[in-house]
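In what follows, residues are counted from 1 in the order of the sequence shown. Hydrogens, waters and symmetry mates play no part in the numbers below; they use all other heavy atoms, side chains included.
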Amino acid sequence: NDASLLSLFSYQRFLINYFNQAAYRQYYKTEPYNPQSFTHNLHKLRLIETKVKDEQVESFLLTRTIKNYLANSNDKKGGETLYDMYMQRIASDDNKAEIKALYEANKNIETGKRIPEERVINSKQDTISLRSLIKKPTFIFFWSNTKKPQAKRSQALAKSLIQKYPEYTYLAINVNDNYQDWIDTSKRYDFDLTKQIQFADRYKEIADDLAINSLLKTFILDRKGFIINAHANLYSSNFENELLEGLNK
């Protein structure tokens, strides 16, 4: 309940870990620990509302919790329940607007919907539609020059995955870099230029449309561009299972 400490990352981590463990103690006899599950986040929101008296601390924790859940869950019904809980409790209009925008963006990328029709630029500087590039099952990930180690690791992992699962291909979307920096980096590290694209429009607007909150976000699509999973993670130990599940749909 000490808002003066909220600027400290260590205090934020303490609060988040405390409530993750407190939430798990509410359901550990019936389900394994899963900080992304509906059960976990339902208990977590309730505990925050009960235990935290300071409005700023409560706002921070509630907003952080719902944002993380909405950005990583395909549970439409669960997301609606937690969203309604959040909106009834939170006082800040700014926080409400931020979470409402994320909630609405998630509706654009629900499982079973086609990937939104975004304009992209290929390595030859042609402007084309994202959907037009989807010819077979595809996973899409994001990278930036600001995080080169992650970029190199992602590209190498994607190459190895399509060798293992040739039914798939991938698209690597560069964000926030200018054209020349993007191309120079791609050539320097021998990224496959046929699979490299950039958004043609402002990244922030695209990020809002696609609910992109992290470079770790990965989309899995079927051969017609319909979304199988909009909240996958290329680095997850479960990612290969999600690719296999996608082939069976």
Just wondering, do [Y] and [X] contact through their side chains at under 4.5 Å, heavy atoms?
X	Y	result
Thr169	Lys195	yes
Leu47	Gln26	yes
Leu234	Leu161	yes
Val120	Thr127	no
Arg188	Asp184	yes
Met85	Gln88	no
Arg13	Ile16	yes
Lys136	Glu167	no

Within this structure, what is the [atom1]-[atom2] distance for the pair [X] and [Y], rounded to the nearest 0.5 Å?
X	Y	atom1	atom2	result
Leu62	Glu55	CG	CD	10.5 Å
His43	Ile48	NE2	CD1	13.0 Å
Leu15	Gln12	CG	CD	8.0 Å

Give the minimum heavy-atom separation between [X] and [Y], together with the two atoms involved.
X	Y	answer
Ser186	Gln196	OG-CG, 4.2 Å
Glu117	Ser129	OE1-CB, 3.2 Å
Leu70	His231	O-CE1, 3.6 Å
Asp190	Lys159	O-NZ, 3.1 Å
Tyr11	Leu6	CD2-N, 3.8 Å
Gln198	Asp177	NE2-O, 2.8 Å

Aromatic ring proximity, centroids under 6.0 angstrom, [Y] and [X]:
X	Y	answer
His40	Tyr24	no
Phe141	Tyr170	yes
Phe139	Phe239	yes

Go through the steps for Val175 and Trp143 under the test side-chain contact (heavy atoms from CB on, under 4.5 Å), then give the verdict.
CA-CA 6 Å; Val175 300; Trp143 67 277; over 6 Å; no
Regarding [X] and [Y], is there a side-chain donor-to-acceptor distance under 3.5 Å anywhere?
X	Y	result
Thr146	Ser144	yes
Ser4	Asp2	yes
Asn108	Lys113	no
Asn178	Asp181	yes

Indicate the ring-plane relationship of Phe14 and Tyr18, choosing parallel, tilted or perpendicular according to the 30° and 60° boundaries.
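Tilted, since the angle between the ring planes falls between 30° and 60°.
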Let's go through Ile220 and Ile227 carefully: what are the C-alpha distance in whole Å and the side-chain angles of both, what is the deciding distance for side-chain contact (heavy atoms from CB on, under 4.5 Å) to 0.1 Å, and is it a yes or a no?
CA-CA 6 Å; Ile220 301 176; Ile227 296 170; over 6 Å; no
Has the side chain of [X] got a donor or acceptor atom that lies under 3.5 Å from a matching backbone atom of [Y]?
X	Y	answer
Asp126	Asn122	no
Lys96	Ala91	no
Arg223	Ile134	no
Arg131	Gly225	no
Lys135	Ser132	yes
Thr218	Leu216	yes
Thr81	Lys77	yes
Asn238	Asn241	no
Thr50	Arg46	yes
Ser160	Leu157	yes

Spell out, yes or no, whether [X] and [Y] are grouped together once hydrophobic residues are joined by side-chain heavy atoms under 4.5 Å, including indirect joins.
X	Y	result
Ile121	Phe191	no
Leu247	Phe226	no
Leu221	Phe199	yes
Val52	Leu42	yes
Phe38	Tyr27	no

Show your working on side-chain contact (heavy atoms from CB on, under 4.5 Å) between Ile228 and Phe219 and close with a plain yes or no.
CA-CA 8 Å; Ile228 297 171; Phe219 286 82; over 6 Å; no
Got a salt bridge between Lys53 and Glu58, using NZ or NE/NH1/NH2 to carboxylate O under 4.0 Å?
no
Under 4.0 Å between a side-chain nitrogen and a carboxylate oxygen: does that hold for Lys164 and Glu240?
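Salt bridge present between Lys164 and Glu240.
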Let's go through Tyr103 and Glu80 carefully: what are the C-alpha distance in whole Å and the side-chain angles of both, what is the deciding distance for side chain to side chain donor-acceptor pair (under 3.5 Å) to 0.1 Å, and is it a yes or a no?
CA-CA 8 Å; Tyr103 182 71; Glu80 181 178 351; 4.6 Å; no
Determine, stepwise, if the pair Thr111 / Asn229 fulfils side-chain contact (heavy atoms from CB on, under 4.5 Å).
CA-CA 6 Å; Thr111 298; Asn229 188 350; 5.6 Å; no
Derivation of the side chain to side chain donor-acceptor pair (under 3.5 Å) call for Tyr235 and Ser154
CA-CA 8 Å; Tyr235 301 115; Ser154 295; 2.5 Å; yes
Does Lys67 count as lying over the ring of Tyr69, i.e. NZ or CZ under 6.0 Å from the six-ring centre, within 45 degrees of the axis?
no
Hey, mind stepping through Thr63 and Tyr86 against side chain to side chain donor-acceptor pair (under 3.5 Å) and telling me if it holds?
CA-CA 8 Å; Thr63 302; Tyr86 173 86; 2.7 Å; yes
Yes or no on side chain to side chain donor-acceptor pair (under 3.5 Å) for Ser73 and Asp75, after CA distance, side-chain angles and deciding distance?
CA-CA 5 Å; Ser73 174; Asp75 182 358; 5.1 Å; no
